[in-house]
Amino acid sequence: MRIARFSIDGNVAFGAVEGDRQDELVLDIIKGIPFAEFELSGTKVPLSKVRLLPPVLPSKVVAFGRNYADHAAEMGSRAAKDPFAFFKPSTSVIGSGDVIQYPAFTEELHHEAELAVVIGRMCREVPRERVKDVILGYTCANDVTARDVQRREQQWARAKGFDSSCPLGPWIETDVDPADLTVQCTVNGQQRQLGSTAQMVNPVADLIVNISAAMTLLPGDVILTGTPAGVGPLQDGDEVAVTIEGIGTLTNKVVKRG
């Protein structure tokens, strides 16, 4: 099931996305929230008539770095043998169609296409055999990074945590196997990144086990799983799209802040 969060006539709701062709997609409005038992209302609205919102509002976004060897190499580093985590704040999250604001404090903004995991229930110290039980589904993410700031500062709070640095969407796919999905990024229609989740050094289950050993994960929390090689610059006016096989496409325009 594809679950979208959207706004229509000033109201916010979740809906199940139905259909195959982009111009024919409709939303069957959900009674309740997707983090508990819910029913479909049978009330349907065309996707074209609503504004897509970030599929969740996480209490935290936990991102894992250097989880693809080829990306680590292009950054002059080595892949992280053990999972290496950092945070992006909830205020960094935007949805598909929202604007990535190019901050004034950087001159080197980069895209990073990633598979994102959406947590479906409160959990802690999750054993490997129970990982699937705590996952609601998956979505596309762009770990937008101020690369020059990242190089200068030991902590990545500003480089990766600024407002609009975590686009998520367009929706959550609950029925997909994350083991071998194609991850692609284009800028103005030109391919920049092309990889597969099969190239992850630490797969999704390892990441969930690792971070849940340290902290409680809440429904709606998001785990970013790393990016394949090919990261590169974004300029004012660019349109960047992250497409993940079996999920969909997350699209955002870049606009210089101020």
Side-chain angles (χ1 to χ4, degrees), residues 58-89 92 108 110-119 123-161 165-166 168 176-185 192-218 221-232 242 244-247:
S59 75
K60 53 186 170 292
V61 177
V62 182
F64 284 91
R66 303 199 303 268
N67 200 28
Y68 286 75
D70 53 359
H71 168 61
E74 73 177 351
M75 301 305 295
S77 184
R78 294 182 178 181
K81 182 179 179 181
D82 297 317
F84 166 73
F86 58 93
F87 288 106
K88 294 173 81 80
S92 68
E108 194 177 353
H110 278 200
H111 57 79
E112 294 191 8
E114 308 202 8
L115 174 72
V117 185
V118 180
I119 299 300
C123 58
R124 183 170 63 115
E125 297 180 347
V126 181
R128 189 173 306 279
E129 63 273 14
R130 296 292 304 278
V131 165
K132 289 184 178 180
D133 296 341
V134 306
I135 295 174
L136 174 64
Y138 301 87
T139 192
C140 306
N142 192 347
D143 177 19
V144 183
T145 302
R147 193 70 70 197
D148 49 351
V149 178
Q150 184 185 26
R151 285 194 293 265
R152 290 197 307 265
E153 301 179 1
Q154 291 185 342
Q155 296 291 334
W156 295 353
R158 292 206 315 151
K160 287 178 171 284
S165 66
C166 189
L168 297 174
V176 66
D177 184 346
D180 187 9
L181 301 175
T182 299
V183 179
Q184 178 178 241
C185 178
R192 293 277 191 87
Q193 292 180 267
L194 182 63
S196 169
T197 57
Q199 298 168 322
M200 287 184 190
V201 177
N202 297 286
V204 168
D206 289 357
L207 303 180
I208 301 298
V209 169
N210 174 273
I211 199 62
S212 70
M215 66 189 66
T216 300
L217 300 175
L218 300 177
D221 281 352
V222 171
I223 311 295
L224 303 189
T225 60
T227 192
V231 301
V242 175
I244 299 181
E245 178 185 3
I247 299 177

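Residues: numbered from 1 along the sequence shown. Note that the coordinates shown come from a computational prediction; the quantities given were computed from them, not determined experimentally.
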Is there a donor-acceptor pair closer than 3.5 Å between any side-chain N or O of [X] and the backbone N or O of [Y]?
| X | Y | result |
| --- | --- | --- |
| K88 | K160 | yes |
| Q184 | L194 | no |
| E153 | Q150 | no |
| T182 | E245 | no |
| D221 | L218 | yes |
| S212 | I208 | yes |
| N67 | N202 | yes |
| T197 | L181 | yes |
| S165 | S92 | no |

Indicate the atoms forming the closest heavy-atom contact of [X] with [Y], along with that distance.
| X | Y | result |
| --- | --- | --- |
| T216 | R124 | OG1-CD, 3.4 Å |
| G161 | P89 | O-CG, 3.3 Å |
| Q193 | A229 | CG-O, 3.4 Å |
| C185 | H111 | SG-ND1, 3.5 Å |
| A85 | V62 | CB-CG1, 4.0 Å |
| V242 | E114 | CG1-N, 4.3 Å |

Mind checking whether [X] and [Y] have side chains closer than 4.5 Å, heavy atoms only?
| X | Y | answer |
| --- | --- | --- |
| T139 | V118 | yes |
| I119 | C123 | yes |
| I223 | I211 | yes |

- Task: Check step by step if side chain to side chain contact (heavy atoms under 4.5 Å, CB included) holds for Q199 and D70.
- Result: CA-CA 9 Å; Q199 298 168 322; D70 53 359; 4.3 Å; yes

- Query: By side-chain contact (heavy atoms from CB on, under 4.5 Å), which residues pair with A205, not counting sequence neighbours?
  - Reply: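 By the side-chain contact (heavy atoms from CB on, under 4.5 Å) rule, A205 matches R128, V131.
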
- Over 12 foreign heavy atoms within 6.0 Å of CD, E129: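 Atom CD in E129 is packed in, count exceeds 12.
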
- Does a donor on one side chain and an acceptor on the other come within less than 3.5 Å for E112 and T227?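 Side-chain D/A pair, E112 to T227: absent.
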
Could you give the distance from [atom1] ([X]) to [atom2] ([Y]), rounded to the nearest 0.5 Å?
| X | Y | atom1 | atom2 | answer |
| --- | --- | --- | --- | --- |
| I247 | C140 | CD1 | SG | 5.0 Å |
| M200 | D180 | CE | CG | 10.5 Å |
| S196 | Y68 | OG | OH | 7.0 Å |
| R147 | R152 | CZ | CZ | 13.0 Å |

- Message: What verdict does the side chain to side chain contact (heavy atoms under 4.5 Å, CB included) test give for F64 and T225, after you've listed the backbone C-alpha separation in whole Å, the side-chain angles of each residue and the deciding distance to 0.1 Å?
- Response: CA-CA 5 Å; F64 284 91; T225 60; 6.0 Å; no

- Check the pair L115, Y138 against side chain to side chain contact (heavy atoms under 4.5 Å, CB included), reporting the backbone distance first and the verdict last. CA-CA 7 Å; L115 174 72; Y138 301 87; 3.9 Å; yes

- Item | Stepwise salt bridge (Lys or Arg N to Asp or Glu O under 4.0 Å) test for R130 and D133 | CA-CA 5 Å; R130 296 292 304 278; D133 296 341; 2.5 Å; yes

- Item | Steps toward side chain to side chain contact (heavy atoms under 4.5 Å, CB included) verdict (V117, L224) | CA-CA 7 Å; V117 185; L224 303 189; over 6 Å; no

